[in-house]
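Below is the structure I would like to discuss, written out as structure tokens.
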Number of protein chains: 4
Amino acid sequence: MTRARPTHVGRAARRATAPEDGSNDGVETRSRILDAAEDLIARDGFDATPTAQIAARAEVPKGLLFYYFPKKIDLLRTLLAERLPAHPLCAAADIAVHGDVAGSLVRLAHGVDLSRPDSPVLASILFREAGTHPEVGHHLRAMHDGLVELTERVLDIAAASPLNHRRRREAAQTFVALLLHSANARRFDGPLPDLTAAASMVSSSLVPIGGA
Amino acid sequence: MTRARPTHVGRAARRATAPEDGSNDGVETRSRILDAAEDLIARDGFDATPTAQIAARAEVPKGLLFYYFPKKIDLLRTLLAERLPAHPLCAAADIAVHGDVAGSLVRLAHGVDLSRPDSPVLASILFREAGTHPEVGHHLRAMHDGLVELTERVLDIAAASPLNHRRRREAAQTFVALLLHSANARRFDGPLPDLTAAASMVSSSLVPIGGA
Amino acid sequence: MTRARPTHVGRAARRATAPEDGSNDGVETRSRILDAAEDLIARDGFDATPTAQIAARAEVPKGLLFYYFPKKIDLLRTLLAERLPAHPLCAAADIAVHGDVAGSLVRLAHGVDLSRPDSPVLASILFREAGTHPEVGHHLRAMHDGLVELTERVLDIAAASPLNHRRRREAAQTFVALLLHSANARRFDGPLPDLTAAASMVSSSLVPIGGA
Amino acid sequence: MTRARPTHVGRAARRATAPEDGSNDGVETRSRILDAAEDLIARDGFDATPTAQIAARAEVPKGLLFYYFPKKIDLLRTLLAERLPAHPLCAAADIAVHGDVAGSLVRLAHGVDLSRPDSPVLASILFREAGTHPEVGHHLRAMHDGLVELTERVLDIAAASPLNHRRRREAAQTFVALLLHSANARRFDGPLPDLTAAASMVSSSLVPIGGA
DNA sequence: AATGAATGAGATTTCATTCAT
DNA sequence: GATGAATGAAATCTCATTCAT
């Protein structure tokens with residue numbers, strides 16, 4: 001039984017969250033498209049997600065999607081630009097506790113965007129497309145650098161005594177690598193490293209044995 | 001629907017590398033296809049690589065590709081199965097040196113398949129497709145588990161005194177996470193963690209401070 | 001993989017039969033595709049008719065065909081569902097004349113859909129694909145049953161005296177078999193049975209010789 | 001897990017019925033191919049049956065199939081020519097019994113090739129391809145004519161008194177139509193007409209009411 | 001802003017047939 | 001006769017994108 005003609009529910013299917021006055025300023029439509037794109041691209045990958053499917057899930061007509069995002073790649077770009085801040089949002093001062101390096105790192109791991117509810121989804125996109133879409137690669141590297149910088153500030157505050165620059169950097173890079181690996185592993189249901197244990201290790205590497 | 005009979009001899013039927021006796025049992029053809037698939041999939045991603053392009057690079061007609069690999073996904077499966085051992089190939093005893101934990105870990109990092117010449121290429125595939133192709137995810141998890149086990153054996157041999165099981169496991173998991181992140185970061189030109197520094201950190205975390 | 005943008009206007013976008021107001025809601029396009037499919041499938045068989053040929057005859061681009069009928073088999077299904085009623089459209093009362101069994105059967109043969117202008121075409125499809133496409137088989141059996149039922153009602157009205165149930169059923173089944181064979185024979189230019197003669201035979205079989 | 005290379009069982013898989021001296025004169029191979037073709041074409045239709053599948057079921061290499069049957073259509077032609085006699089094999093005299101028209105027709109129905117064990121299979125092919133492959137249509141028409149002729153001879157022998165030519169022909173054509181429809185209906189699991197009842201009807205139509 | 005039919009390039013896959021050994 | 005790799009045309013189907021309304 002084939003349908004007489006493909007039909008589409010269209011604007012009439014607007015959700016409960018539409019403005020009460022019945023107007024639709026396009027903001028909601030646009031973000032519904034981004035929501036759909038985020039979910040589907042995270043699940044299936046960018047190349048494997050047809051624009052038609054994104055439009056269907058967003059309950060907008062196919063043509064409208066291209067009004068907001070003239071090229072498919074714009075969806076990806078916009079998701080990164082608007083939903084995944086390249087620089088960590090939390091301040092070192094709010095996280096670090098003087099004298100508690102390991103604990104500060106653990107709080108850092110929790111405070112960072114990568115653990116926000118929608119973050120696994122975006123991280124998924126980030127890691128998957130990083131190798132093939134240059135702009136995604138840039139974004140990921142920028143995030144990495146921001147995280148390393150933040151981690152260094154946290155270590156500075158948390159450490160009992162001034163840190164050797166090289167060691168601080170190595171500690172920060174290692175911890176951030178574990179943070180990123182954790183986000184990456186989540187998307188393929190891989191085993192996650194124990195960040196608390198890692199924080200201890202990193203922390204203990206900074207403690208000069210014998211006060212050196 | 002009768003097909004036209006082939007009229008074109010095919011410039012690729014014989015290549016410089018063909019066996020001297022002129023025989024061609026298909027083994028060489030098959031591996032040429034896999035070579036091409038490996039390169040292109042690693043560079044552009046599985047979905048973004050048309051089979052036509054793989055055939056062209058392998059210098060075989062499109063149809064022949066499907067003679068050896070009936071579905072496109074079989075290329076991916078075969079690359080994993082035949083070219084990327086799920087279990088590390090080196091033995092703990094060849095790597096670990098008693099009394100030198102950090103050095104043993106560094107040697108492990110070098111000895112492991114992930115640093116073989118063709119490994120970045122395959123790692124690229126592995127990480128990119130892990131989230132969307134279940135079998136790739138399995139493979140990656142199997143590799144992870146194999147690496148953790150190997151790392152634990154290395155730590156056992158290298159450690160001066162018997163290790164606490166939980167600590168040993170945490171150390172191994174952390175180091176393997178860094179190993180994998182390193183392989184992953186390479187594919188999007190991300191900054192690589194300093195594995196030597198990481199080996200020190202992990203190593204120092206195993207040294208009981210004050211004999212505890 | 002970005003697609004090239006369409007550069008060709010499409011000579012078939014507007015046809016002589018398009019609505020005067022220039023609107024095109026797709027209804028006409030859809031039925032043009034079905035027309036083409038009906039002709040070609042009837043002539044060459046379903047498997048031997050490429051979708052490209054159907055599209056060409058309908059003067060629509062190949063892609064549009066799959067917009068309306070996502071799978072090729074949907075064309076067949078739709079033809080059956082929309083163009084070949086599974087149940088005969090004529091009423092027994094309009095056909096049967098009390099006291100004239102043979103004449104009533106002849107009128108039945110003419111009144112039934114199988115003799116409509118487009119019917120040989122569809123019957124062709126029906127018989128050819130019945131063995132391999134289950135849904136076509138169902139349709140054909142449903143048609144058969146509907147015809148037998150109608151024929152029985154016609155016999156009831158036309159017969160001078162009440163009929164023995166078993167005999168009535170045998171008569172109806174035999175006549176319908178001849179009806180169907182006739183439709184089938186037409187498609188391979190086979191000799192058609194003389195339905196008038198058959199109607200007489202069937203009719204005479206119902207007349208109790210000597211009132212038995 | 002993709003096979004290293006497609007393998008083929010080859011002649012080694014020869015069946016128990018091969019000649020004891022180990023030779024293979026090709027007769028057995030050839031008929032094994034025809035067996036396979038018959039089964040598969042009957043089940044799926046000629047167009048939908050790949051030669052590769054026929055070769056696989058026959059357990060012969062693909063290339064060998066084309067040694068015996070250079071074109072795919074030759075398989076169909078050969079099946080008709082060698083396995084489906086265009087003319088009925090039984091003699092009227094062996095079937096007809098003077099004075100028993102209905103019984104003679106029933107015996108005819110059973111004696112005719114269409115009820116042989118392999119006949120449904122071939123009938124299937126016959127009816128399916130009759131409309132599209134001219135040679136199949138010819139064959140079917142030839143069979144029809146042969147059957148009508150045979151039926152007329154049977155009627156002549158069985159009838160108590162000489163038959164009017166036109167009536168005899170009509171009776172024969174009607175009965176043959178039912179015979180063919182029966183063979184055709186079998187292939188799509190359609191309801192089969194009751195040939196015994198039909199024989200009675202046809203027979204009664206020949207009995208001059210009131211001795212006319 | 002909204003709509004959905006239209007477009008055509010290109011993707012994967014199938015397959016009859018050939019041919020060197 | 002036997003074998004299976006090789007060939008390339010063609011089939012079905014997908015999809016980003018456009019455009020008239």
Side-chain angles (χ1 to χ4, degrees), chain A residues 5-8 10-11 24-26 29 49-53 55 60-68 70-73, chain B residues 1-10 12-13 21-27 29-30 47 49-53 55 60-68 70-73, chain C residues 1-10 12-13 21-27 29-30 47 49-53 60-73, chain D residues 5-8 10-11 24-26 29 49-53 55 60-68 70-73:
Chain A
R5 197 174 349 145
T7 64
H8 176 73
R11 290 185 60 218
N24 190 339
D25 56 7
T29 301
T49 304
T51 52
Q53 202 184 333
V60 299
K62 245 185 329 204
L64 194 53
L65 189 147
F66 287 89
Y67 174 79
Y68 288 106
K71 301 285 163 188
K72 189 189 182 189
I73 191 70
Chain B
M1 290 291 112
T2 310
R3 310 305 171 90
R5 77 198 59 117
T7 55
H8 167 73
V9 171
D21 63 358
S23 77
N24 189 347
D25 59 3
V27 169
T29 302
R30 200 184 104 104
D47 288 333
T49 305
T51 51
Q53 203 183 332
V60 299
K62 264 184 308 193
L64 193 53
L65 191 146
F66 290 92
Y67 176 75
Y68 289 104
K71 302 283 164 189
K72 188 188 180 189
I73 190 71
Chain C
M1 290 293 111
T2 310
R3 309 308 171 88
R5 77 198 59 115
T7 56
H8 167 74
V9 170
D21 63 359
S23 77
N24 190 345
D25 60 3
V27 169
T29 302
R30 199 183 105 103
D47 288 334
T49 304
T51 52
Q53 203 182 332
V60 298
K62 266 184 305 194
L64 193 54
L65 191 148
F66 291 93
Y67 177 76
Y68 289 103
F69 307 98
K71 304 280 164 193
K72 187 188 181 190
I73 190 71
Chain D
R5 199 170 350 143
T7 63
H8 176 73
R11 291 185 58 219
N24 191 339
D25 56 4
T29 301
T49 304
T51 51
Q53 201 182 334
V60 298
K62 243 184 330 203
L64 194 53
L65 189 147
F66 287 89
Y67 174 79
Y68 288 105
K71 301 283 162 189
K72 188 188 181 188
I73 191 71

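Nothing here was measured: the structure is a model prediction, and the numbers come from that model. In what follows, every chain begins at residue 1, and chains take the letters A, B, ... in the order their sequences are listed.
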What distance separates C:Phe66 CZ from C:Leu64 CG, expressed to the nearest 0.5 Å?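 The CG atom of C:Leu64 is 11.0 Å from CZ of C:Phe66, to the nearest 0.5 Å.
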Select from D:Leu65 and B:Leu65 the residue whose nearest nucleotide in DNA chain F is closer to the 5' end of that strand.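 The answer here is D:Leu65.
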Using whole Å, report how far CD1 of A:Ile73 lies from C1' of F:dT17.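 My rounded result for the distance is 15 Å.
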Give the rounded distance in Å between these two atoms: CG of B:Leu64 and C1' of F:dG4.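 To the nearest whole Å, that distance equals 11 Å.
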Would you say a side-chain N or O of C:Thr51 is under 4.0 Å from OP1 or OP2 of F:dT12?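 For F:dT12, OP1 or OP2 has a side-chain N or O of C:Thr51 closer than 4.0 Å.
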Presence of D:Lys62 side-chain N/O under 4.0 Å of F:dG4 phosphate oxygens OP1/OP2: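 No, no such contact exists.
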With both distances kept under 3.5 Å, what pairs with E:dG8, Watson-Crick or G-U wobble?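 When the pairing criteria are applied, F:dC15 turns out to be the nucleotide that pairs with E:dG8.
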Watson-Crick/G-U partner (both atom distances under 3.5 Å) of F:dT21: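 WC or wobble partner is E:dA2.
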A:Lys72 side-chain N/O to F:dT14 phosphate OP1/OP2 under 4.0 Å: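 The answer is no; no side-chain N or O of A:Lys72 sits under 4.0 Å from OP1 or OP2.
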Rounded off to whole Å, could you give me the CG-to-P distance for the C:Asp47 and F:dA11 pair?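 C:Asp47 atom CG is separated from F:dA11 atom P by 13 Å.
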Over all heavy atoms of both residues, which pair between B:Lys72 and B:Thr51 is shortest? Give the atoms and the distance, please.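 Where B:Lys72 meets B:Thr51 most closely, the heavy atoms are CG-CG2, 3.6 Å.
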From the options E:dT17, E:dA6, F:dA16, select the nucleotide whose nearest atom is closest to the side chain of C:Tyr68.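 Closest of the options to the side chain of C:Tyr68: E:dA6.
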When you check the phosphate oxygens OP1 and OP2 of E:dA6, does a side-chain N or O of C:Thr29 lie under 4.0 Å from one of them?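 True: C:Thr29 side-chain N/O within range (under 4.0 Å) of E:dA6 OP1/OP2.
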Could you state the CZ-P distance from B:Phe66 to F:dA6, rounded to the nearest angstrom?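 It works out to 16 Å between those atoms.
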Would you say a side-chain N or O of A:Tyr67 is under 4.0 Å from OP1 or OP2 of F:dT17?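 Result: no.
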For C:Phe69 and F:dT12, give me the distance from atom CZ to atom C1', rounded to whole Å.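 C:Phe69 atom CZ is separated from F:dT12 atom C1' by 16 Å.
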Residue met sooner reading DNA chain E from 5', once C:Gly63 and B:Gly63 are mapped to nucleotides: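 Of the two residues, C:Gly63 wins.
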At their closest point, which heavy atom of D:Lys62 faces which heavy atom of D:Ala52, and how far apart are they?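 Nearest pair, atom of D:Lys62 first, then D:Ala52: CD-CB, 3.7 Å.
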Which nucleotide in the list F:dT14, E:dT18, F:dT7 gets nearest to the side chain of C:Lys71?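 Nearest to the side chain of C:Lys71 among the choices is F:dT14.
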